[in-house]
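Report on one structure; see the data block that follows.
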Amino acid sequence: MTSKGRVTIREVAERAGVSMATVSRVLSGNHPVPASTRARVLRAARDLDYVANAHARALVGGGRKMVAVVLRQVTSPFYAQVAEGVEAEAAARGWLCLVGTTGGDPGRELEFVQLMREEGARLVILVGGVVEDDAYRERVAHYAQALDSAGARLVLCGRPAPDPDIPALVVEFDNEAGARAITGHLLSAGHRRIVFLGGLPGNTALDARVAGYRAALAEHGLGPEAAHVVDCGLGRAAGHRAMTELLKAGGDPGPGDTATPDTAPARFTAVFAGDDMVAAGALRAIADAGLRVPQDISVVGYNDIPLAEDFNPPLTTVRTPAEELGRAAVRIALRDPEHAAGAHHLLGTHIVVRDSVQPPPPGIEDGGSTPV
């Protein structure tokens with residue numbers, strides 16, 4: 001897809017050697033047209049990558065008031081809350097909302113975006129952090145240009161735009177600030193040996209959280225060697241597995257700023273989980289090891305999913321406005337469609353303090369015995 005401009009119905013008519021009225025009849029499907037003519041028109045439209053302008057169709061009553069939200073999965077509480085926000089805002093405006101899942105497969109994402117383009121969705125919302133490599137940047141630029149050429153809009157929800165010049169709206173929350181605040185909360189409680197559990201190098205959301213974690217350590221006078229990031233990814237199973245290995249290992253990774261579960265920092269007293277599901281797995285592993293939270297190890301999470309307050313103990317975490325993120329993606333895109341593309345909107349976060357943090361056990365931070 002190039003950005004030379006939107007293909008018009010006139011160009012399709014010229015390519016097919018028919019009138020614009022005939023092209024309109026073929027594309028609408030509401031009038032009888034000879035099979036050979038229909039085939040010629042459809043071939044010309046395909047060759048030119050023509051998609052009927054959704055805004056123009058709306059003016060004549062033919063457009064669909066439809067928004068599509070594309071998620072990695074619906075079983076994640078965070079993704080589910082974002083989708084709920086999109087659906088609620090769309091419904092309030094009399095629009096339909098379609099939800100698609102990709103399982104992280106770029107091919108499925110591409111197919112879904114193309115389908116929504118062909119079906120005339122006005123907004124296509126891609127949700128969640130991604131690994132921002134060259135393939136991703138090229139893919140999103142293609143999505144944005146293709147949707148724009150069809151009179152639709154791409155919204156990146158919870159992830160930055162790979163290029164500020166592509167015609168896409170960005171709505172996200174401040175991952176780095178939230179991580180800096182929650183790490184500062186642990187530091188203020190007296191913790192100095194804090195593990196970040198749930199890194200995923202290249203993932204835009206997690207990289208920002210790791211950056212906030214490192215920044216908070218530096219702000220409290222700790223050197224780069226104080227940061228220990230376990231790259232285990234997200235999910236309850238990942239958190240449980242990595243935490244179990246950390247508790248079994250208990251060794252010092254030595255110089256550097258990245259740990260693996262089998263090279264745990266010595267005498268760590270607190271865990272910052274990359275999200276609440278990682279925290280859920282970590283809590284289970286700590287309990288399985290016969291240790292207590294927060295008496296032996298403090299644990300914090302990220303996102304404040306609805307179940308976080310029902311964990312044992314209730315989890316101190318960062319509240320991200322997941323449902324509002326979805327609502328804002330729709331609201332902002334529809335409020336000012338001519339100027340929304342290329343705009344960037346950042347929502348705030350805040351800490352929710354519950355019962356999973358207390359000062360480290362006596363003697364631990366000053367070189368005493370380890371809790372693991």
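- No path of Ile, Leu, Val, Met, Phe, Trp and Tyr side chains, each step under 4.5 Å between heavy atoms, connects Leu234 with Val131, placing them in separate hydrophobic clusters.
- Both Val74 and Val67 belong to a single network of hydrophobic side chains, linked directly or stepwise wherever heavy atoms of I, L, V, M, F, W or Y lie under 4.5 Å apart.
- Under the side-chain hydrogen bond (donor to acceptor under 3.5 Å, both in side chains) criterion, Tyr136 pairs with Arg159, sequence neighbours left out.
- Under the 4.5 Å side-chain heavy-atom criterion for Ile, Leu, Val, Met, Phe, Trp and Tyr, Leu346 and Val155 are members of distinct hydrophobic clusters.
- The pair Arg331-Glu324 meets the salt-bridge criterion, with a side-chain N (NZ, NE, NH1 or NH2) lying under 4.0 Å from an Asp/Glu carboxylate O.
- Residues passing the side-chain hydrogen bond (donor to acceptor under 3.5 Å, both in side chains) test with Glu132, sequence neighbours excluded: none.
- Taking the six-membered ring for Trp and thresholds of 30 and 60 degrees, Phe196 and Tyr213 have ring planes inclined between 30 and 60 degrees apart.
- Rounding to the nearest 0.5 Å places NE2 of His228 at 13.5 Å from CG of Leu197.
- When atom types are taken as modelled, the side chain of Arg117 and the backbone of Ala146 share a donor-acceptor pair closer than 3.5 angstrom.
- Residues Val352 and Val318 do not share a hydrophobic cluster, clusters being chains of Ile/Leu/Val/Met/Phe/Trp/Tyr side chains in contact below 4.5 Å.
- Side-chain contact between Pro306 and Gln81: present, with at least one pair of heavy atoms (C-beta onward) separated by less than 4.5 Å.
- Cluster annotation: Leu187 and Val353 are assigned to the same hydrophobic cluster (Ile/Leu/Val/Met/Phe/Trp/Tyr, side-chain heavy-atom contacts under 4.5 Å, transitive).
- Salt bridge status for Asp47 with Arg43: absent, with no side-chain N to carboxylate O gap under 4.0 Å.
- Test His191, Gln358, His185 against Ser298 for side chain to side chain donor-acceptor pair (under 3.5 Å) and you get one pass: His191.
- Environment of CZ in Arg108: sparse, with no more than 12 heavy atoms of neighbouring residues, nucleotides or ligands closer than 6.0 Å.
- Across Thr317, Asp275, Thr320, Asp276, a single residue satisfies side chain to side chain donor-acceptor pair (under 3.5 Å) together with Asn303, and that is Thr320.
- None of Val130, Thr204, Asp134, Val140 except one satisfies the side chain to side chain contact (heavy atoms under 4.5 Å, CB included) rule with Pro162; the exception is Val140.
- Checking side-chain atoms of Tyr302 against main-chain N and O of Asn175 turns up a donor-acceptor pair under 3.5 Å.
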> Going through the checks in order, is the side-chain contact (heavy atoms from CB on, under 4.5 Å) test met by Leu147 and Val113?
Replying inline: CA-CA 8 Å; Leu147 289 167; Val113 171; 4.1 Å; yes
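- Rounding to the nearest 0.5 Å gives a distance of 8.0 Å between CG of Leu200 and CG of Asp207.
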> Run the side-chain contact (heavy atoms from CB on, under 4.5 Å) check on Tyr79 and Thr101 step by step: do they pass?
Replying inline: CA-CA 10 Å; Tyr79 284 123; Thr101 61; over 6 Å; no
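- With respect to Asp174 and Arg180, no salt bridge is recorded, no charged nitrogen being found less than 4.0 Å from a carboxylate O.
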>> Under the criterion side-chain contact (heavy atoms from CB on, under 4.5 Å), I'd like the reasoning laid out for Leu283 against Phe311: C-alpha separation, chi angles, the key distance, then a yes or no.
In response: CA-CA 8 Å; Leu283 289 171; Phe311 289 174; 3.8 Å; yes
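- Within 6.0 Å of the CD atom in Gln295, the count of heavy atoms belonging to other residues, nucleotides or ligands exceeds 12.
- A 6.0 Å sphere centred on CZ of Arg327 holds more than 12 heavy atoms belonging to other residues, nucleotides or ligands.
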>> Test side-chain contact (heavy atoms from CB on, under 4.5 Å) on Val86 and Val99; report intermediate values, then the result.
In response: CA-CA 10 Å; Val86 171; Val99 178; over 6 Å; no
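- By the salt bridge (charged side-chain N to carboxylate O under 4.0 Å, His left out) test, Arg93 pairs with Glu89, sequence neighbours left out.
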